[in-house]
Amino acid sequence: MGHLVTRAAFNSVKVDIAAISDPYIDLNYMIYMFQYDSTHGQFHGTLKAENGKLVSGSQKGHYLCFSADAPISLMYLHHEKYDNSLMIISSTTCTINCLAPLAKVFHDNFGVMEGLMATVHAITATQKTMDIPFGDTHSSTFDCGTGFALNDHFLKLVFCFANESGYSNRLVDLIAHMVFKE
């Protein structure tokens with residue numbers, strides 16, 4: 001997931017990457033995997049290793065993580081409440097980034113009293129989860145043809161996200177917003 005966010009950031013004019021550190025992988029192997037990704041293709045930018053980190057030149061950094069303890073900021077939902085004194089915020093999960101903005105639209109227009117969410121992940125014991133190469137950058141797609149009303153207060157709505165590309169791009173949007181608020 002980290003390399004998808006990094007690729008989205010490198011492809012964006014909104015943010016600069018300062019450094020990437022991953023204690024669980026050899027630095028040279030991390031650079032190699034990033035440059036020669038078999039799913040997303042070869043990276044055409046410049047990367048270098050310096051002081052045990054992958055660096056690209058920017059100085060100041062913000063940190064996004066999935067955390068029960070850090071404040072949550074979700075782009076296009078409540079990002080305007082971001083406090084720029086925070087250096088670490090929770091970016092939630094790709095599932096929440098898919099569901100929450102669309103649930104907000106339905107709540108604002110029709111009122112949502114309660115909801116039930118189910119996710120389906122395409123994975124088997126012998127097949128690794130894999131992103132769709134160069135997927136679209138939307139958070140999710142609402143499939144209006146598959147939803148239906150069970151009663152006046154219960155709707156079945158189907159939202160699809162077939163890749164992590166949209167999530168990665170929302171994280172870049174959130175980082176850009178954090179930098180803008182400085």
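Note: hydrogens, waters and symmetry copies are ignored here, and every other heavy atom, side chains too, is used.
The closest side-chain heavy-atom distance from Ile175 to Lys14 is not below 4.5 Å. With contacts defined as side-chain heavy-atom distances shorter than 4.5 Å, the pair Phe34/Ile31 does not qualify.
Nearest heavy atoms, Asn109 versus Val105: ND2-O, 2.7 Å. Closest approach of Val5 to Ser168, counting heavy atoms only: N-OG, 3.6 Å. Of all heavy-atom pairs spanning Arg7 and Gln35, the tightest one is NH2-O, 4.5 Å. Closest approach of Val112 to His107, counting heavy atoms only: N-ND1, 3.0 Å.
Applying the salt bridge (Lys or Arg N to Asp or Glu O under 4.0 Å) test to residues at least two apart or on different chains, the pairs with a partner in residues 88-107 are Lys104-Asp108.
Using a 4.5 Å cut-off between side-chain heavy atoms of Ile, Leu, Val, Met, Phe, Trp and Tyr, with links allowed through other members, Tyr36 and Leu27 fall into the same hydrophobic cluster. Placement of Phe10 and Met33 within a single hydrophobic cluster is found when ILVMFWY residues are connected by side-chain heavy-atom separations under 4.5 Å, directly or transitively.
We find the CG-CG distance between Leu157 and Leu99 to be 9.5 Å, quoted to the nearest 0.5 Å. Atom OH in Tyr32 sits 12.0 Å away from atom CD1 in Ile25 (nearest 0.5 Å).
Applying the ring pair (Phe, Tyr, Trp, His ring centres under 6.0 Å) test to Phe106 and every residue at least two apart in sequence or in another chain returns Phe110, Phe142.
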